[in-house]
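Accompanying notes for the structure given below.
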Amino acid sequence: MDQGSIDRILKQVSGGEDEIQQLQKALLDYLDENTETDASLVFSRKFYIAQWFRDTTMETEKAIKSQKDEDSSEGTHHAKDVETTGQIMHRAESRKTFLRSIIKTAPSQFSTLKMNSDTVDYEDACLIVRYLASMRPFAQSFDIYLTQ
């Protein structure tokens, strides 16, 4: 991964969201800008939104399950684990709210929310996709699968 390019994109994308959300917004903006030239990008955009929403839901469910498992197995409650779970829940709700706002926004309204078209080009969009894909659970545990 070219972390320098990721950092450059993050600096160009305005917003107080977390890093992942900023990159998602940049990619969605790029896809929305180029739907006129390639109709398949409409499907890609919808697919990414649905996949990210699903991932966020799965992350939340996993955090709740791990908290319940720890509570039942240990019988004691660790404040640090609760804080971590709370942070995960807050971040997940923030991402879900962001994705819902993108879904509810009509294409004509979305064009007013677009960032500069110079911010993300094709190569940057490919880099963002690779970076976001590397953050998925399967990609993070790929070495484990290969070892087994």
Side-chain angles (χ1 to χ4, degrees), residues 1-71 80-148:
M1 288 293 147
D2 184 5
Q3 190 62 39
S5 294
I6 294 291
D7 292 338
R8 177 183 51 78
I9 294 168
L10 287 171
K11 286 178 187 174
Q12 291 175 345
V13 176
S14 62
E17 306 98 17
D18 64 359
E19 179 179 295
I20 301 297
Q21 194 170 334
Q22 288 178 333
L23 292 173
Q24 288 173 344
K25 182 179 182 332
L27 183 60
L28 291 173
D29 288 346
Y30 171 79
L31 292 173
D32 190 55
E33 283 178 8
N34 294 295
T35 55
E36 294 172 3
T37 58
D38 188 1
S40 66
L41 295 180
V42 174
F43 173 77
S44 299
R45 187 173 181 277
K46 290 178 182 180
F47 173 79
Y48 279 126
I49 291 170
Q51 188 65 46
W52 294 332
F53 195 89
R54 181 186 171 275
D55 289 348
T56 302
T57 303
M58 296 299 286
E59 180 182 331
T60 305
E61 290 173 359
K62 190 182 221 182
I64 291 170
K65 185 176 184 276
S66 68
Q67 180 184 2
K68 286 181 182 178
D69 289 346
E70 288 175 4
D71 288 348
K80 185 177 180 182
D81 292 337
V82 171
E83 183 181 17
T84 303
T85 304
Q87 289 173 344
I88 290 171
M89 297 292 286
H90 179 68
R91 186 174 60 240
E93 282 305 312
S94 169
R95 288 182 183 168
K96 283 183 178 182
T97 303
F98 164 71
L99 292 171
R100 282 187 195 112
S101 70
I102 295 295
I103 292 169
K104 291 178 182 176
T105 306
S108 61
Q109 294 172 336
F110 196 73
S111 63
T112 61
L113 302 174
K114 285 182 192 175
M115 58 186 175
N116 274 342
S117 59
D118 300 337
T119 303
V120 178
D121 58 2
Y122 178 77
E123 289 80 22
D124 288 343
C126 290
L127 178 65
I128 291 171
V129 169
R130 286 194 309 269
Y131 182 79
L132 292 174
S134 72
M135 304 302 281
R136 293 181 49 89
F138 180 75
Q140 293 177 348
S141 60
F142 195 68
D143 290 337
I144 295 170
Y145 290 119
L146 286 177
T147 303
Q148 291 178 353

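A search for salt bridge (Lys or Arg N to Asp or Glu O under 4.0 Å) contacts involving K65 returns D69, not counting sequence neighbours. Under the rule for a side chain to side chain donor-acceptor pair (under 3.5 Å), E93 has no partner lying at least two apart in sequence or in another chain. Annotation: side chain to side chain donor-acceptor pair (under 3.5 Å) contacts of N34 (sequence neighbours excluded): none. The side chain to side chain donor-acceptor pair (under 3.5 Å) check on S40 picks up D38, with sequence neighbours excluded. With sequence neighbours excluded, the residues satisfying ring pair (Phe, Tyr, Trp, His ring centres under 6.0 Å) with Y48 are W52. Not counting sequence neighbours, S66 has no partner by the side chain to side chain donor-acceptor pair (under 3.5 Å) test.
Closest approach of S5 and L127 over heavy atoms only: CB-CD2, 3.2 Å. Of all heavy-atom pairs between T35 and D32, the closest is OG1-O, 3.1 Å.
Donor-acceptor pairing under 3.5 Å is recorded for the side chains of Q3 and D7.
Both tests do not hold together for K25 against F98: distance to the six-membered ring centre under 6.0 Å, angle to the ring axis within 45°.
Side-chain contact between R91 and Q21: absent, with no pair of heavy atoms (C-beta onward) separated by less than 4.5 Å.
Salt bridge status for R8 with D124: present, with a side-chain N to carboxylate O gap under 4.0 Å.
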